[in-house]
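Below is one structure, written out as structure tokens, with a few remarks after it.
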Amino acid sequence: MTKEMATSSRVLEQGLDEALLMAVNVTKHYPMGVRALDGVSLAVRRGEILGIMGRSGSGKSTLLHILGCLDRPTAGEVWIEGTEVTGLPEAALPALRLRKLGFVFQSHNLVPSLTALENVALPLRYLRVPVRRAMEKARAALEAVGLSDRVHHLPVQLSGGQQQRVAVARALVNDPALVLADEPTGALDSQTARELLALMRRLSAERGQTFVVVTHDPLVGQACDRIVTMVDGRIRPAV
């Protein structure tokens with residue numbers, strides 16, 4: 001049995017019911033023979049904060065995009081809450097992302113012309129949640145991240161750390177099973193980064209929220225329950 005097959009077998013042995021998220025032998029090839037991912041298997045437990053670390057070009061962001069149904073693997077499977085999502089038709093993926101997943105990116109990706117409240121409510125509006133209910137949930141999400149006094153502020157009126165908290169609130173507003181974060185502290189100073197990580201720890205402890213975080217930042221690694229390290233498109237075996 002190859003190392004890749006053995007890793008896949010260990011992931012499957014955990015069972016779909018025990019893991020919120022599973023990747024089984026996921027591979028991603030690009031033209032000219034480039035292998036961004038080469039047989040990646042992992043399982044993420046409910047309520048866990050999993051960190052994915054590695055050098056630039058190791059495949060971290062590619063893996064996160066596939067786990068978040070933003071890209072499709074060349075081969076392999078991804079399961080979310082017991083559903084094999086890599087086989088779903090393209091038309092089904094936007095609704096899946098809106099209902100099951102939340103995303104936090106380094107650049108915040110807030111709409112400049114919308115207030116914090118309106119930015120957070122956007123996913124619910126896409127789901128056609130009634131306006132009053134969407135605003136109630138958005139306000140509650142902002143309160144959960146400590147921004148109840150900034151709901152009517154535009155992004156330009158917020159600090160970088162506050163903008164990232166708005167992004168976290170937006171990721172949480174639809175009560176997702178999983179939040180995927182790509183370098184969420186990359187544009188923050190160390191103190192603001194610590195505050196954001198403390199927020200993630202609190203949300204994990206109080207709400208059982210699950211996070212998968214791609215990062216270069218050792219501070220993020222220290223805040224995670226578990227770290228996997230990627231090298232050349234593979235997860236480096238734990239030693």
Side-chain angles (χ1 to χ4, degrees), residues 7-28 37 39-52 59-105 120 122-129 133-134 137-138 140-141 144 167-182 184 199-214 224-228 230 235:
T7 301
S8 299
S9 296
R10 287 195 297 272
V11 169
L12 288 169
E13 284 171 3
Q14 291 195 14
L16 294 174
D17 293 335
E18 296 181 17
L20 184 150
L21 170 70
M22 294 179 62
V24 182
N25 205 25
V26 169
T27 300
K28 182 67 176 181
L37 298 175
V40 172
S41 295
L42 61 82
V44 183
R45 299 182 297 274
R46 294 179 185 275
E48 181 177 26
I49 301 178
L50 174 71
I52 302 176
K60 305 185 305 299
S61 292
T62 300
L63 177 59
L64 195 77
H65 289 171
I66 289 174
L67 296 179
C69 303
L70 297 170
D71 195 4
R72 289 187 183 272
T74 306
E77 299 176 352
V78 174
W79 296 73
I80 299 175
E81 291 195 316
T83 298
E84 202 273 291
V85 298
T86 40
L88 294 177
E90 194 70 31
L93 296 180
L96 172 74
R97 289 192 292 265
L98 279 171
R99 296 182 183 279
K100 297 278 190 181
L101 305 173
F103 296 90
V104 181
F105 301 100
V120 174
L122 267 182
L124 301 177
R125 300 300 297 132
Y126 291 142
L127 288 170
R128 299 186 179 181
V129 174
R133 178 58 177 158
K137 287 180 68 67
V168 172
R170 182 181 57 192
L172 294 170
V173 74
N174 59 340
D175 300 316
L178 174 68
V179 174
L180 300 159
D182 195 356
L199 170 64
M200 289 171 53
R201 292 294 327 168
R202 178 169 63 80
L203 293 169
S204 175
E206 294 179 358
R207 300 173 50 149
Q209 185 62 59
T210 307
F211 292 89
V212 174
V213 185
V214 161
C224 292
D225 298 311
R226 182 166 57 99
I227 293 288
V228 297
M230 296 197 66
I235 292 177

CG/L98 to CG/L122 distance, rounded to the nearest 0.5 angstrom?
10.5 Å
Side-chain contact, heavy-atom cut-off 4.5 Å: P184 with V213?
yes
Taking every non-hydrogen atom, the tightest pair across R207 and A144
NH1-CB, 4.1 Å
If you compare all heavy atoms of Q209 against all heavy atoms of A177, which two are closest, and at what distance to 0.1 Å?
NE2-O, 3.7 Å
Donor-acceptor pair, T27 side chain versus G39 backbone, under 3.5 Å?
yes
For the pair R97 (side chain) and C69 (backbone), establish whether a donor and an acceptor sit closer than 3.5 Å, ignoring hydrogens and angles.
yes
Taking the basic N atoms (NZ, or NE/NH1/NH2) and the acidic carboxylate oxygens, is any pair closer than 4.0 Å for K137 and D175?
yes
Determine whether M230 and I52 satisfy the following criterion, side chain to side chain contact (heavy atoms under 4.5 Å, CB included), listing intermediate values before the conclusion.
CA-CA 7 Å; M230 296 197 66; I52 302 176; 3.9 Å; yes
Tightest non-hydrogen contact, residues I235 and V40, listed as CD1-CG1, 3.6 Å
Run the side chain to side chain contact (heavy atoms under 4.5 Å, CB included) check on V104 and L180 step by step: do they pass?
CA-CA 6 Å; V104 181; L180 300 159; over 6 Å; no
Is any side-chain heavy atom of I49 closer than 4.5 Å to a side-chain heavy atom of R201?
yes
Might you point out which heavy atoms bring P176 and A171 nearest each other, and give the distance in Å?
CG-O, 3.1 Å
Specify the closest pair of heavy atoms between A19 and A43, including all atoms of both residues, with the distance to one decimal.
CB-CB, 4.0 Å
Spacing of R46 atom CZ and L21 atom CG [to the nearest 0.5 Å]:
10.5 Å
Taking side chain as C-beta onward, heavy atoms only, is R45 less than 4.5 Å from R226?
yes
Where is the tightest heavy-atom contact between G47 and S204, given as atom of each residue plus distance?
O-OG, 2.8 Å
If I take atom CG from residue L178 and atom CZ from residue F103, how far apart are they, to the nearest 0.5 angstrom?
8.0 Å
Is there a side-chain contact between F211 and V44, using heavy atoms and a 4.5 Å cut-off?
no
A side-chain contact here means heavy atoms from C-beta on lying under 4.5 Å apart; do L42 and M22 qualify?
no
To the nearest 0.5 Å, how far apart are CH2 in W79 and CG in L20?
14.0 Å
Is a side-chain donor or acceptor of S41 paired with a backbone partner of N25 at a separation under 3.5 angstrom?
yes
Within 6.0 Å of CZ in R99, more than 12 heavy atoms from elsewhere
no
To the closest 0.5 Å, what do you measure between NZ (K60) and CG (L37)?
11.5 Å
May I ask you to test the L172-L203 pair for a side-chain heavy-atom distance under 4.5 Å?
yes
From the list V212, V179, I80, side chain to side chain contact (heavy atoms under 4.5 Å, CB included) partner of L101 resolves to I80
pair R202-L199: side-chain heavy atoms closer than 4.5 Å
yes
Interatomic spacing from CG in D182 to CG in L63 - rounded to 0.5 Å
10.5 Å
Side-chain contact, heavy-atom cut-off 4.5 Å: I66 with V78?
yes
